[in-house]
2 protein chains.
Amino acid sequence: MSFPSLNTLRTFEAAARHLSFNRAADELCISPSAVSHQIRQLEHTLGIRLFLRSERRVSLTQKGEFYFKNVQQGIQILVQATNSLTTPMREHTIRISAVPFFATRWLMRRLDTFQAHYPGWELAIQTSTQKSEFDREDLDLVIRRGAGDWPGMIAHLLLRESLVPVCAPAMARTIDTIVALKGATLLHNSQVPSEWSEWFGKIGHTFSAPTAKLEFQNSSQILEACIAGVGIALMDRQLIFQEMAEGRIQSVVDQQVDGMRNYYLVYPKSHTTRKSVQIFLEWISNELEQMDR
Amino acid sequence: MSFPSLNTLRTFEAAARHLSFNRAADELCISPSAVSHQIRQLEHTLGIRLFLRSERRVSLTQKGEFYFKNVQQGIQILVQATNSLTTPMREHTIRISAVPFFATRWLMRRLDTFQAHYPGWELAIQTSTQKSEFDREDLDLVIRRGAGDWPGMIAHLLLRESLVPVCAPAMARTIDTIVALKGATLLHNSQVPSEWSEWFGKIGHTFSAPTAKLEFQNSSQILEACIAGVGIALMDRQLIFQEMAEGRIQSVVDQQVDGMRNYYLVYPKSHTTRKSVQIFLEWISNELEQMDR
DNA sequence: CAGATAGATGAGTGTTTACTCAACTATAGT
DNA sequence: ACTATAGTTGAGTAAACACTCATCTATCTG
């Protein structure tokens with residue numbers, strides 16, 4: 001019985017998450033051709049199409065969506081369990097889980113200063129869209145997006161969100177009023193279906209659920225679709241400033257809502273005495289101070 | 001970064017489930033040597049010991065236990081999702097999930113008559129120790145062990161359990177009374193911790209929790225430990241008659257309790273109209289009638 | 001003691017995996 | 001028209017995988 005390899009499944013998961021073979025290749029440090037080959041091989045093994053190819057981008061088929069959800073979950077369990085066993089001595093490792101978008105765009109860009117200040121310590125960062133379980137995954141800390149009110153947990157604010165609607169430049173020319181914005185194709189995050197409604201509410205407008213709904217499972221997918229001109233995304237402008245600077249997307253209607261949700265550093269109260277937690281708190285406090293200047 | 005292959009992880013899971021490289025080799029249709037090599041390679045990759053080797057059997061280390069739980073779960077998700085996509089046309093496939101011990105020892109031994117009577121239909125059987133989810137796993141039916149009272153479900157009795165204490169012949173010589181039985185090393189199923197207490201209660205004896213407790217995660221592991229002379233197992237004698245006939249284990253104290261828990265064929269009420277469910281019910285009814293004669 | 005059982009180890013080998021490279025196709029933007 | 005972008009495809013290749021076979025060690029049982 002022929003079963004896909006774990007490596008192939010990881011490639012599929014990355015491509016599905018990014019909805020881009022190119023981005024997946026970047027993340028996995030392989031060529032786009034390798035991604036293409038593996039996806040094709042996987043589709044041949046399964047005997048179905050996982051991706052629809054159109055113009056210069058890909059989208060998931062329904063079966064692809066189903067498989068992506070399950071493969072992501074299964075792989076996560078395996079990778080996390082394996083990492084739990086292979087990470088070096090507990091005493092000098094800080095184990096963190098964070099949502100992928102925030103991890104790649106905020107946290108990992110600041111690792112240099114951590115390494116410089118704490119050469120004897122190692123950060124083990126894993127990304128996850130699932131709600132993390134401290135015990136089973138042997139984590140010290142978690143970075144979460146939310147309101148900051150997790151029972152039994154201590155939460156430190158890391159980044160206050162600034163949500164702005166953004167879209168591709170060609171589309172931006174026609175979105176100059178709130179009315180036009182409401183009538184456009186809005187890209188939704190399936191994990192927070194009410195986010196657009198809340199945002200409109202905050203700026204004093206009512207908004208009812210659209211009849212045609214485009215939902216994506218994570219911010220990376222939303223951003224890709226946005227850049228591709230599919231619709232308008234609601235994103236934290238602090239995490240997309242590079243794409244903005246490159247002119248690949250731009251904000252519309254000049255409205256911004258702060259603090260609807262934020263990114264917090266979270267850990268159980270019982271972890272307060274851990275050296276790993278104290279070290280990370282010390283470092284991140286300094287980082288946040290530097291940022292405030 | 002070197003990550004274990006899915007094939008390796010599946011070999012590890014089978015060896016851990018059976019607590020026997022030989023049995024795992026049988027199940028996977030490879031040589032015991034291949035199992036040994038793969039486990040050693042995996043231990044080298046992870047840099048830890050997963051199994052303790054003693055005499056002629058193996059046991060899991062604590063880390064091995066942790067990894068087994070997670071690997072089993074992760075693999076199950078991947079395998080089930082993949083099987084969901086690769087199974088042929090829905091119309092002529094019956095998708096069943098069953099606990100592994102019952103599946104291998106009762107259900108799969110009767111497949112010949114099914115194939116003979118329904119040549120146009122295919123049985124897709126998957127084994128799982130987790131509670132199955134009909135929608136996510138696209139199942140028609142499930143075979144469960146329990147009391148038969150699952151809300152929203154229709155349950156047909158398949159096999160009434162007959163629990164007897166069994167052990168290796170050498171140990172059996174010293175277990176001739178209930179008192180001796182109580183004082184012996186009893187092997188527990190971690191999924192039903194109270195099973196021994198219930199059993200003793202049913203035969204009119206009180207039994208308090210032992211101070212030294214040997215727990216295993218599934219019946220296969222319990223049987224292996226029992227055959228190896230580790231302790232006394234409480235098993236359904238209908239599912240172990242082969243080992244009994246071979247003299248590898250024998251029952252003790254001549255007590256049997258029926259119907260504490262049983263095996264049921266279970267499906268949601270909404271599945272009643274499925275042709276697949278009707279076909280399977282028809283076949284299993286005939287099988288049960290044949291057995292009653 | 002002989003035979004059976006179970007896991008371990010080294011060597012060998014064929015197959016599969018996992019890429020890269022080069023060239024191509026189909027857009028989109030200037 | 002030219003350039004950039006993104007995915008596709010065929011061919012090639014090195015490494016890894018996944019075994020088998022033969023032999024060994026350490027018990028257990030009759």
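Throughout, a chain's letter reflects where its sequence line sits, starting with A, and its residues are numbered from 1.
If you measure from atom CZ of B/Arg40 to atom P of D/dC19, you get 16 Å, rounded to the nearest angstrom. In this structure, A/Arg23 atom CZ and D/dT5 atom P are separated by 12 Å, rounded to whole Å. Atoms CZ (A/Phe51) and P (D/dA6) sit 16 Å apart, rounded to a whole Å. Rounded to an integer number of Å, the gap from B/Leu28 CG to D/dT20 P is 11 Å. If you measure from atom CZ of A/Arg10 to atom C1' of C/dT17, you get 15 Å, rounded to the nearest angstrom. Spacing between atom CD1 of B/Ile227 and atom P of C/dA4 amounts to 19 Å, rounded to whole angstrom units. Taking atom CD of B/Glu43 as the reference point, atom C1' of C/dG7 lies 12 Å away to the nearest angstrom. Per the geometry, CG belonging to A/Leu42 stands 11 Å off P belonging to C/dT17, to the nearest Å.
At the phosphate of C/dT17, neither OP1 nor OP2 sits under 4.0 Å from any side-chain N or O atom of A/Gln38. Taking 4.0 angstrom as the limit, B/Ser31 places a side-chain polar atom (N or O) nearer than this to OP1 or OP2 of D/dT20. One finds no side-chain N or O of B/Ser36 lying less than 4.0 angstrom from the OP1 or OP2 phosphate oxygen of C/dG7.
Comparing D/dT9, D/dT20, C/dG7 by their nearest atom to the side chain of B/Ala34 picks out D/dT20. Comparing C/dA8, C/dC19, D/dT8 by their nearest atom to the side chain of A/Arg53 picks out D/dT8. Of the listed nucleotides (C/dT20, D/dC19, C/dG7), D/dC19 has the atom at the smallest distance from the side chain of B/Asn7. For B/Asn22, whose side chain is taken as the heavy atoms from C-beta onward, the closest listed nucleotide among D/dT8, C/dG7, D/dG7 is C/dG7.
A cation-pi arrangement, defined by a distance under 6.0 Å to the six-membered ring centre and an angle within 45 degrees of its axis, is present between B/Arg10 and A/Phe3.
At a cut-off of 3.5 Å, with distance as the only test, no side-chain donor of B/Thr8 or B/Thr11 sits close to an acceptor on the other residue. Counting only N and O atoms by type, the side chains of A/Tyr67 and B/Ser84 include no donor and acceptor under 3.5 Å apart.
DNA chain C is contacted by both A/Thr8 and A/Ser33; A/Thr8 maps to the nucleotide lying nearer its 5′ end (nearest heavy atom per residue). Comparing A/Ala170 and B/Phe21 along DNA chain C, the residue whose closest nucleotide (by nearest heavy atom) sits nearer the 5' end is B/Phe21.
Residue-level contact check: A/Val35 touches neither bases nor backbone, having no heavy atom under 4.0 Å from any strand. Among the protein residues, A/Ser5 comes within range of the sugar-phosphate backbone only, with heavy atoms under 4.0 Å from sugar or phosphate atoms but none that close to a base.
Results of the side chain to side chain donor-acceptor pair (under 3.5 Å) test with A/His18 over A/Glu13, A/Arg23, A/Glu27 single out A/Glu27 as the only residue that passes.
Here A/His37 counts as stacked on D/dT9: its ring centre is under 5.5 angstrom from the base ring centre and the planes meet at under 30°.
Side-chain contact between A/Asp236 and A/Phe101 is absent, with no heavy atoms from C-beta onward closer than 4.5 Å.
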